[in-house]
Amino acid sequence: MSNGSSTTEFLLLAFADTRELQLLHFWLFLGIYLAALLGNGFIITTVACDHHLHTPMYFFLLSLALLDLGSISTTLPKAMANSLWDTRAISYLGCAAQLFLLAFFVSAEFCLLTVMAYDRFVAICHPLHYRTLLGSRACAHMAAAAWGSGVLHAVLHTANTFCIPLCKGNALDQFFCEIPQILKLSCSHSYLREVGLLVVSACLVSGCFVFIVLSYVQIFRAVLRIPSEQGRYKAFSTCLPHLSVVSLFVSTVVFAHLKPPSISSPSLDLVVSFLYSVVPPAVNPLIYSMRNQELKDALWKLAQWTLFHQQQPASPSLHISQSLS
């Protein structure tokens, strides 16, 4: 294969060689995928239907759930299909689409997590200015900026990666299309341009991470100054889920791409990539709902409303938001 245009497909890394293990992986992935769909779907439905949750924090949480759904839907269905049909192939265009979508969802999610840190910073450190700084228009602009940054990041990396000539086969040491794995197939020094772009992206990500850390330093200082124990608990309960999600997301991504070469192996790379691409979208809804009593109450009201209207037809004039209130 002399260049990328002659590559019609790529071969993804298989999770198992035996048919029994392939089917076991399929059912495991299906369970994780359904859990992610249900968890994120419940959050999206609850926030959209309950007008008590129409606040900046839950607006950003809804956006995060949408990005998590997109992220896990980019990688896991293809892995399930390959395990079920005993194949490793993905088309050239399919690989490009998967790389673009994953780059978009991951980068947009990190930008959104940065915006959510700012939201918590303003809510706790400057509560009197919260409605002014985070009005509906400002929230829409910040969410749009996060999604737009993801699109720009994905376009740059996808176009740059697939312009590189490939001549070292078509087998990827990963269960989805990833930039570092495709760069390993390049046959010229043109991959250095993409490496430079990755370095710039890493610097921007580091800047966002520093902003998140500094925000939480100020948040913890403000919370510790709250005189009442109940007030401190309430403030921490709104921050700890976001901090847990950021820690899980950053730690898995950093370890996946910056682990020492001496401990690197195909099996370890597979496990680590699974952790950062699949586990956060599936676990995030659980993290946010465990300590958030307001969200749990809204979920319970939604479940009660659903069960009630399954047993008894609703009046056409009855609106869901009235029931949830």
Side-chain angles (χ1 to χ4, degrees), residues 38-70 108-150 208 211-212 215-216 218-220 222-223 225-226 228 230-246 249 280-281 283-306 319-325:
L38 286 174
N40 288 289
F42 274 133
I43 287 180
I44 292 169
T45 305
T46 304
V47 174
C49 293
D50 193 339
H51 69 273
H52 292 113
L53 301 182
H54 291 176
T55 63
M57 183 179 78
Y58 291 107
F59 170 73
F60 294 133
L61 180 58
L62 184 148
S63 297
L64 181 67
L66 288 172
L67 291 172
D68 282 336
L69 277 181
E109 180 164 337
F110 193 71
C111 290
L112 188 65
L113 289 172
T114 306
V115 171
M116 293 173 77
Y118 175 72
D119 167 70
R120 292 298 84 207
F121 168 75
V122 175
I124 293 175
C125 299
H126 304 283
L128 297 179
H129 302 287
Y130 186 66
R131 292 294 178 185
T132 304
L133 295 175
L134 285 159
S136 57
R137 181 174 296 181
C139 291
H141 287 168
M142 285 188 282
W147 287 62
S149 300
C208 291
F211 178 84
I212 293 173
S215 297
Y216 271 99
Q218 297 299 319
I219 287 171
F220 288 145
V223 170
R225 288 197 297 265
I226 297 176
S228 67
Q230 184 178 3
R232 288 195 299 270
Y233 175 81
K234 184 177 181 180
F236 274 126
S237 68
T238 63
C239 295
L240 290 180
H242 175 258
L243 191 58
S244 301
V245 169
V246 171
F249 182 79
V283 173
N284 285 353
L286 183 62
I287 293 175
Y288 269 102
S289 59
M290 279 178 60
R291 296 184 62 89
N292 192 317
Q293 190 61 42
E294 194 174 20
L295 184 60
K296 286 192 287 188
D297 291 342
L299 280 169
W300 177 243
K301 289 179 182 179
L302 178 64
Q304 287 180 318
W305 183 89
T306 304
H319 195 271
I320 183 172
S321 62
Q322 295 175 340
S323 298
L324 292 175
S325 63

Closest approach of C239 and I124, non-hydrogen atoms and distance?
SG-CD1, 3.1 Å
Report yes if the side chains of C111 and W147 come closer than 4.5 Å at any heavy-atom pair, otherwise no.
no
Check for me whether the distance between the ring centres of Y216 and H242 falls short of 6.0 Å.
yes
More than 12 heavy atoms of other groups within 6.0 Å of R232 CZ:
yes
Contact summary for T114 and C208, nearest pair of heavy atoms
OG1-CB, 3.4 Å
So with a 6.0 Å cut-off around CZ of F220, is the heavy-atom count from everything else above 12?
yes
Nearest atoms (heavy-atom pairs only) where Y288 meets P241:
CD2-CB, 3.7 Å
Just by distance, do the side chain of H129 and the backbone of V122 share a donor-acceptor pair under 3.5 Å?
no
Can you find a pair of side-chain heavy atoms, one from S63 and one from L61, that are under 4.5 Å apart?
no
Decide yes or no for I44 and L69: does some side-chain heavy atom of the first lie under 4.5 Å from some side-chain heavy atom of the second?
yes
For a 4.5 angstrom cut-off between non-hydrogen side-chain atoms, does R131 reach S136?
no
Side chain to side chain contact (heavy atoms under 4.5 Å, CB included), that's the test. Do Q218 and F121 meet it? Break it down for me.
CA-CA 7 Å; Q218 297 299 319; F121 168 75; 3.6 Å; yes
If we only count heavy atoms from C-beta on, is the L133 to Y118 side-chain gap below 4.5 Å?
yes
Can you find a pair of side-chain heavy atoms, one from Y130 and one from P56, that are under 4.5 Å apart?
yes
Between Y58 and H52, ring centroids under 6.0 Å
no
Restricting to non-hydrogen atoms, name the atom on A146 and the atom on L112 that form the minimum distance, rounded to 0.1 Å.
CB-N, 3.9 Å
Side chain proximity check, N284 to E109, heavy atoms < 4.5 angstrom
yes
Check whether N40 reaches the backbone of P285 with its side chain - one donor and one acceptor, N or O, closer than 3.5 Å.
no
Below 4.5 Å, heavy atoms only, C-beta onward: do V245 and P280 meet side chain to side chain?
no
